[in-house]
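All heavy atoms count here, side chains included; hydrogens, waters and symmetry mates do not.
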Amino acid sequence: MTEYERSLTMPAPPEQVFDQAADVGRLDEWLPGDLHVHAGELPAVTVHEDRTDEDTPALLSRRKEQMRLEWGTREEGSYAGWLQVAGIDGGASEVTVHLSFFDETHDPGEQRVAEALDRSLHRLEEQVRLRVDAPGG
């Protein structure tokens, strides 16, 4: 098993950050560009990966009371992950994303995963900023 984790501070309270991250209809706005989530009857979702042009049955669980998203493959158990939002001083939040690959064939490698996690966190931060800076925020 291989695990990866990245964190980033965001300029908004945890509830706003979590609401942005957990909006199933807006996941494509911050997930890696080659992953697309199509919601079924939650927690069931399908993840399409452009790199392999495959659809994978997955689960997505939103736990607002814990400010946590959890996901993973449904049938093959090849990967799982979570996103945790924690409030920090000054009304900001720290967002941590963790990925676990149980099947080496699904692990794209440390550099690709680190870059994808960093890009995703920065994309989420941009979406949060747009929401916070919008009139009526």
Any idea which heavy atoms bring [X] and [Y] closest together, and the distance?
X	Y	value
Ala21	Leu69	O-CD1, 3.6 Å
Trp71	Leu83	CZ3-N, 3.6 Å
Asp55	Pro57	O-CD, 4.1 Å
Val113	Phe101	CG2-CE1, 4.0 Å
Asp50	His48	OD1-CD2, 3.2 Å
His98	Ser100	NE2-OG, 3.3 Å

Could you see if [X] belongs to whatever hydrophobic cluster contains [Y]? Use Ile, Leu, Val, Met, Phe, Trp, Tyr and a side-chain cutoff under 4.5 Å.
X	Y	value
Leu59	Val24	no
Tyr4	Val47	yes
Val37	Leu35	yes
Leu117	Leu8	yes
Trp30	Trp82	no

Using a 3.5 Å cut-off and no angle test, enumerate the donor-acceptor pairs between side-chain atoms of residues 87-97 and protein atoms at least two apart in sequence or in another chain.
unit_1, atom_1, unit_2, atom_2, d
Ser93, OG, Ala12, O, 2.6
Thr96, OG1, Ser7, OG, 2.7

Nearest-0.5 Å distance, [atom1] of residue [X] to [atom2] of residue [Y]:
X	Y	atom1	atom2	value
Leu130	Glu125	CG	CD	10.5 Å
Glu126	Met10	CD	CE	10.5 Å
His38	Asp28	NE2	CG	7.0 Å
Asp23	Phe18	CG	CZ	10.5 Å
Leu124	Leu27	CG	CG	10.0 Å
Glu3	Tyr79	CD	OH	15.5 Å

Practice task
Might you work through the side chain to side chain contact (heavy atoms under 4.5 Å, CB included) test for His106 and Glu49, ending with a clear yes or no?
Solution key: CA-CA 11 Å; His106 281 82; Glu49 185 176 355; 5.5 Å; no
Problem - Gln16 side chain reached by Val128 side chain, heavy atoms, under 4.5 Å - result: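 They are not in contact (no side-chain heavy atoms under 4.5 Å apart), so the answer is no.
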Handout entry: Pro11 side chain near Arg129 side chain, heavy-atom distance below 4.5 Å
Key =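 Yes, side chains in contact.
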Practice task
Count the heavy atoms of every other residue, nucleotide or ligand shown that sit under 6.0 Å from CD of Glu41, and state whether that count exceeds 12.
Solution key: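 Not more than 12 within 6.0 Å, no.
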Practice task
Establish, from distance only, whether the side-chain atoms of Glu115 and Gln111 form a donor-acceptor pair under 3.5 Å.
Solution key: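 Gln111 and Glu115 do have a side-chain donor-acceptor pair below 3.5 Å.
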Handout entry: From CA spacing to verdict: side chain to side chain contact (heavy atoms under 4.5 Å, CB included), Arg131, Asp19
Key = CA-CA 11 Å; Arg131 183 174 173 187; Asp19 287 348; 3.5 Å; yes
For [X] and [Y], indicate whether the former's side chain and the latter's backbone hold a donor-acceptor pair under 3.5 Å.
X	Y	answer
Gln84	Gln66	yes
Arg62	Ala22	yes
Glu29	Arg123	no

Exercise for the section: Go through Asp103 and Thr73 one step at a time and tell me if the side chain to side chain contact (heavy atoms under 4.5 Å, CB included) criterion holds. Expected result: CA-CA 11 Å; Asp103 178 346; Thr73 50; over 6 Å; no
